[in-house]
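Encoded as structure tokens, the structure appears first; notes follow it.
FYI, side chains are in, hydrogens and waters are out, and symmetry mates aren't considered; it's all heavy atoms of this structure.
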Amino acid sequence: MQLIDLSTPVDARFWEPEPVRHEPMTPRQGAEHMTGAMREHFGLDLSVDELPDGEFLNNDTFTLTAHTGTHVDAPAHYGSKTEYGGGVPRTIDELPLDWFLRPAFVLDLTAIGSGAASVGDLASALDRIDYEPQPYDIALLWTGASARAGTQEYFTKFVGLDGPATDYLLDFGVRVIGTDAFSLDAPFPHIISEYQRTGDRSVLWPAHFTGRRREFCQIERLANLEALPVAHGFQVSCLPVKLAGAGAGWTRAVAMIGDLS
């Protein structure tokens with residue numbers, strides 16, 4: 001079985017609208033931290049020089065949002081109310097795990113450029129790979145945007161979905177849609193330009209707001225989709241971190257190609 005990493009790293013050197021802060025603790029600092037904490041909380045005294053090389057365990061503190069790096073958006077991310085179920089959206093820790101370990105397919109949208117893909121774009125991409133999505137398949141959208149990860153352009157130049165295109169995938173029974181772009185919706189400049197041109201509120205983040213009508217998740221900020229050797233016939237694991245009450249959770253998304261037995 002071949003494993004292909006589909007994840008973007010969390011990297012404090014990357015340009016982010018909400019910057020990542022990385023505070024590393026060296027093994028020497030770890031020793032000082034541990035011995036100090038033992039002394040303060042338990043009255044136990046140990047010199048750091050008693051430890052090998054005067055070191056203990058290193059540590060890292062990251063300060064970041066749940067939407068940094070490759071992550072899964074939960075229904076709670078789309079708003080406080082739903083038109084389905086009991087009217088209360090589920091948070092990331094409440095979702096069924098079997099949504100996130102499923103057969104997957106990838107659609108090549110790289111020729112579109114920047115803006116919003118339509119139903120016609122998705123139908124054509126499916127025709128090219130000769131595949132009909134099955135219920136609970138994970139849909140992956142290859143836009144080429146991950147090549148710009150770490151730059152400011154990553155957040156303004158990519159392909160998203162319009163509202164009907166989002167519904168089109170969900171109508172197959174898909175419950176998880178992934179993209180290698182910053183967002184499942186079109187870039188902010190495209191959305192605002194369309195709204196100013198038309199005055200139509202339905203063009204305002206339609207992919208996200210579809211989640212108020214229909215329960216689904218999206219994986220944003222995937223990577224390496226171009227490395228997939230096949231367009232379907234593989235599985236993806238994208239289990240989200242169990243952040244209690246959160247609208248998203250980070251994931252190490254991986255494609256599994258070949259025999260899974």
With a 3.5 Å distance limit and no angle check, can you tell me whether [X] reaches the backbone of [Y] through a side-chain donor-acceptor pair?
X      : Y      : answer
Asp130 : Asp127 : no
Ser7   : Ala253 : yes
Arg212 : Tyr78  : yes
Glu16  : Phe14  : no
Asp11  : Arg13  : yes
Asp5   : Val254 : no
Thr91  : Ala76  : no
Thr251 : His71  : no

Work out which heavy atom in [X] is nearest to a heavy atom in [Y]; give both atom names and the distance.
X      : Y      : value
Gly144 : Asp180 : N-OD2, 3.0 Å
Asp93  : Ala246 : OD1-N, 4.2 Å
Ser146 : Asn224 : OG-N, 4.0 Å
Ala74  : Cys217 : CA-SG, 4.2 Å
Thr143 : Val159 : CG2-O, 3.6 Å
Ile138 : Val236 : CD1-O, 3.9 Å

Legend entry - For His77, ring pair (Phe, Tyr, Trp, His ring centres under 6.0 Å) partners two or more places apart: His67, His208
Inset, instruction - Give a yes or no on whether the ring-centroid distance for Phe172 and Tyr131 is below 6.0 angstrom. - result: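 Centroid separation for Phe172 and Tyr131: 6.0 Å or greater.
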Legend entry - Ring centre gap for Trp205 and Phe188 strictly below 6.0 Å: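 Distance test on ring centres: under 6.0 Å, yes.
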Inset, instruction - Go through the structure and list residues passing side chain to side chain contact (heavy atoms under 4.5 Å, CB included) with Arg148, not counting sequence neighbours. - result: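 Arg148 satisfies side chain to side chain contact (heavy atoms under 4.5 Å, CB included) with Ala145, Thr151, Glu153, Tyr154, Lys157 once adjacent residues are dropped.
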Contacts table for residues 55-63: side-chain donor-acceptor under 3.5 angstrom, sequence neighbours left out:
residue, atom, partner, partner atom, Å
Asp60, OD2, His22, NE2, 2.7
Thr63, OG1, Arg21, NH2, 3.3

Legend entry - same_hphob_cluster(Val72, Leu222) at 4.5 Å side-chain heavy-atom cutoff: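 Cluster IDs for Val72 and Leu222 match.
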Inset, instruction - Check the hydrophobic clustering (I, L, V, M, F, W, Y; side-chain heavy atoms under 4.5 Å; chains of links allowed) and say if Ile177 and Ile112 are grouped together. - result: yes
Legend entry - Residue pair Arg201, Glu194: steps toward the salt bridge (charged side-chain N to carboxylate O under 4.0 Å, His left out) verdict: CA-CA 9 Å; Arg201 291 187 180 184; Glu194 283 297 295; over 6 Å; no
Legend entry - Heavy atoms from other residues, nucleotides or ligands near CD of Glu23 exceed 12 (cutoff 6.0 Å):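 Yes, CD of Glu23 has more than 12 neighbouring heavy atoms, counting only those of other groups under 6.0 Å.
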Inset, instruction - Flag yes if more than 12 heavy atoms outside Arg39 fall under 6.0 Å of its CZ atom; otherwise flag no. - result: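 Yes - once you tally the heavy atoms of other residues, nucleotides and ligands closer than 6.0 Å, there are more than 12.
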Legend entry - Asp53 with Arg28: basic N within carboxylate O range, under 4.0 Å: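 So Asp53 does not pair with Arg28 through a salt bridge.
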Any heavy-atom pair between the side chains of [Y] and [X] that's under 4.5 Å?
X      : Y      : answer
Glu132 : Leu126 : no
Asp137 : Arg102 : no
Met256 : Gln2   : no

Inset, instruction - Decide salt bridge (charged side-chain N to carboxylate O under 4.0 Å, His left out) for Glu215 and Arg175; before the verdict, give the C-alpha distance in whole Å, the side-chain angles of both, and the deciding distance to 0.1 Å. - result: CA-CA 7 Å; Glu215 189 176 46; Arg175 289 296 173 263; over 6 Å; no
For the atom pair [atom1] ([X]) and [atom2] ([Y]), what is the distance rounded to the nearest 0.5 Å?
X      : Y      : atom1 : atom2 : value
Leu97  : Lys242 : CG    : NZ    : 7.5 Å
Tyr168 : Leu170 : OH    : CG    : 12.0 Å
Phe105 : Leu228 : CZ    : CG    : 12.5 Å
Ile219 : Leu6   : CD1   : CG    : 8.5 Å

Legend entry - Working for side chain to side chain donor-acceptor pair (under 3.5 Å), residues Thr110 and Asp108: CA-CA 6 Å; Thr110 56; Asp108 183 352; 2.6 Å; yes
Legend entry - Polar side chain donor-acceptor pair, Asp200 to Ser202, under 3.5 angstrom: yes
Inset, instruction - Give the C-alpha distance, both sets of side-chain angles, the deciding distance and a yes or no for salt bridge (charged side-chain N to carboxylate O under 4.0 Å, His left out) between Arg214 and Asp171. - result: CA-CA 10 Å; Arg214 308 178 69 172; Asp171 286 344; 2.8 Å; yes
Legend entry - Step-by-step side chain to side chain donor-acceptor pair (under 3.5 Å) determination, Gln196 to Ser193: CA-CA 5 Å; Gln196 290 175 339; Ser193 175; 5.6 Å; no
Inset, instruction - Before giving the answer on side chain to side chain contact (heavy atoms under 4.5 Å, CB included), spell out for Phe234 and Leu140 the whole-Å C-alpha distance, their side-chain angles and the decisive distance to 0.1 Å. - result: CA-CA 12 Å; Phe234 61 95; Leu140 303 177; 4.1 Å; yes
Legend entry - Pair Asp185-Leu161, side chain to side chain contact (heavy atoms under 4.5 Å, CB included): steps then yes or no: CA-CA 5 Å; Asp185 274 294; Leu161 296 183; over 6 Å; no
Inset, instruction - Kindly indicate, with the supporting measurements, whether the criterion side chain to side chain donor-acceptor pair (under 3.5 Å) is fulfilled by Ser118 and Asp121. - result: CA-CA 5 Å; Ser118 66; Asp121 293 322; 3.2 Å; yes
Inset, instruction - Kindly determine whether Gln218 and Phe216 satisfy side chain to side chain contact (heavy atoms under 4.5 Å, CB included), including the steps that lead there. - result: CA-CA 7 Å; Gln218 55 195 40; Phe216 81 103; 3.8 Å; yes
Inset, instruction - Go through the steps for Met1 and Ile257 under the test side chain to side chain contact (heavy atoms under 4.5 Å, CB included), then give the verdict. - result: CA-CA 6 Å; Met1 182 177 63; Ile257 316 292; 5.9 Å; no
